[in-house]
Visitor: 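Handing you this structure, nothing more for now.
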Amino acid sequence: MSTSPPPGDASSDPTGDATGRFLVQPNGRVRPLSPHLQVWRWHVTMAASILNRMTGGALSVGAVVVFAWLMALAFGPEAYATFTGWMSAPLGLFVWFGLTLALCLHLAGGVRHLIWDAGRGLSPKTADALSWASMIGGVVIAVAFWAVLFASGRVGL
């Protein structure tokens with residue numbers, strides 16, 4: 001018994017597919033292309049996932065700044081004074097704020113994933129709410145942390 005391919009399936013003749021949705025692999029098999037960003041409608045869980053990945057990358061770069069701080073501490077008072085002079089300037093404070101923001105957003109995204117890993121909050125409505133909460137909560141925590149630093153006088157412009 002023979003079955004015909006479903007409509008739109010280019011597995012029998014990929015050259016006849018004008019949509020560009022199929023690809024001939026090196027082994028000769030015809031496979032559909034993966035969905036692309038142009039295919040998907042943007043939604044908050046997608047944005048939160050991309051933001052979580054970006055903050056993870058930013059924290060990897062930020063580890064270099066923390067390493068430089070520790071190295072300046074190890075090289076003595078002059079090196080440490082030079083480093084703190086640079087990092088207490090407005091541009092340095094911006095870098096530290098960016099690292100704090102990345103840390104808080106990544107932490108909140110990790111909590112969101114921890115909730116999902118426990119099997120909770122997986123319905124679309126709850127997943128959207130958790131995504132919004134992780135993004136807004138991360139920003140609020142970072143801004144509150146720096147507001148406390150400025151209010152206590154530990155940091156100033």
Side-chain angles (χ1 to χ4, degrees), residues 8 17-27 29 31-157:
D17 175 47
T19 64
R21 295 180 299 169
F22 295 91
L23 177 72
V24 179
Q25 291 182 331
N27 65 2
R29 294 183 69 190
R31 306 296 278 168
L33 287 173
S34 296
H36 193 267
L37 289 177
Q38 296 165 341
V39 176
W40 294 102
R41 181 178 52 89
W42 280 87
H43 51 89
V44 68
T45 53
M46 181 187 289
S49 176
I50 291 170
L51 183 64
N52 196 39
R53 292 169 191 263
M54 289 172 51
T55 56
L59 289 173
S60 298
V61 174
V64 174
V65 176
V66 173
F67 179 74
W69 171 61
L70 292 173
M71 290 304 294
L73 187 63
F75 281 120
E78 298 84 18
Y80 187 72
T82 301
F83 181 84
T84 55
W86 282 40
M87 294 311 278
S88 62
L91 182 60
L93 291 176
F94 182 72
V95 168
W96 285 122
F97 175 75
L99 286 174
T100 306
L101 182 62
L103 180 67
C104 292
L105 286 169
H106 199 72
L107 177 65
V111 170
R112 175 176 54 99
H113 273 277
L114 186 64
I115 293 169
W116 285 348
D117 290 344
R120 306 263 192 251
L122 295 173
S123 70
K125 192 178 236 184
T126 310
D128 287 350
L130 280 172
S131 296
W132 278 115
S134 70
M135 291 188 295
I136 293 169
V139 171
V140 167
I141 291 169
V143 169
F145 176 77
W146 278 86
V148 168
L149 286 178
F150 275 105
S152 67
R154 292 184 184 269
V155 176
L157 292 175

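The first residue in the sequence is number 1, and the count goes up from there.
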Visitor: My understanding is that only residues two or more places apart in sequence, or in another chain, count here; which of them pass side-chain contact (heavy atoms from CB on, under 4.5 Å) with Ile115?
Guide: Val111, Arg120, Leu130
Visitor: Distance-only criterion, 3.5 Å: show the donor-acceptor pairs between side-chain atoms of residues 55-68 and protein atoms not counting sequence neighbours.
Guide:
unit_1, atom_1, unit_2, atom_2, d
Thr55, OG1, Leu51, O, 3.1
Thr55, OG1, Asn52, O, 2.9
Thr55, OG1, His106, ND1, 3.0
Ser60, OG, Gly56, O, 3.1

Visitor: Strictly by side-chain hydrogen bond (donor to acceptor under 3.5 Å, both in side chains), give each pair with a member in residues 136-151 just once, sequence neighbours left out.
Guide: Thr100-Trp146
Visitor: Can you list everything that forms a ring-ring contact (aromatic ring centres under 6.0 Å, His included) with Trp86? Sequence neighbours excluded, please.
Guide: none
Visitor: Using side-chain contact (heavy atoms from CB on, under 4.5 Å) as the criterion, list what pairs up with Leu114, not counting sequence neighbours.
Guide: none
Visitor: Which of parallel (below 30°), tilted (30 to 60°) and perpendicular (above 60°) describes Tyr80 and Trp69?
Guide: tilted
Visitor: Using the test side-chain hydrogen bond (donor to acceptor under 3.5 Å, both in side chains), find all partners of Thr126 that sit at least two apart in sequence or belong to another chain.
Guide: Ser123
Visitor: Please name the pair of heavy atoms, one in Ala72 and one in Phe83, separated by the smallest distance, quoted to 0.1 Å.
Guide: CB-CB, 3.6 Å
Visitor: Please tabulate, for side-chain N and O atoms in residues 150-157, each donor-acceptor pair with protein atoms closer than 3.5 Å (sequence neighbours left out).
Guide:
unit_1, atom_1, unit_2, atom_2, d
Ser152, OG, Val148, O, 3.0
Ser152, OG, Leu149, O, 3.1

Visitor: Mind checking ring-ring contact (aromatic ring centres under 6.0 Å, His included) for His43 and listing every partner two or more places apart, or none if nothing turns up?
Guide: none
Visitor: If you look at every heavy atom in Phe97 and Ala142, which pair is closest and at what distance?
Guide: CE1-O, 4.2 Å
Visitor: Applying side-chain contact (heavy atoms from CB on, under 4.5 Å), can you list everything that pairs with Ile136, at least two apart in sequence or on another chain?
Guide: Trp132, Val140
Visitor: For Asn27, what residues pass the side-chain contact (heavy atoms from CB on, under 4.5 Å) criterion, not counting sequence neighbours?
Guide: Gln25, Arg29
Visitor: Are any side-chain N or O atoms of Trp116 and backbone N or O atoms of Leu122, one a donor and one an acceptor, separated by less than 3.5 Å?
Guide: no
Visitor: With heavy-atom distances below 4.5 Å as the criterion, would you say the side chains of Met54 and Ile50 are in contact?
Guide: yes
Visitor: Drop me the distance from Phe94's CZ to Leu101's CG, to the nearest 0.5 angstrom.
Guide: 9.5 Å
Visitor: Testing the basics here: between Gly109 and Ser134, what is the closest heavy-atom pair and its distance to 0.1 Å?
Guide: N-CB, 4.2 Å
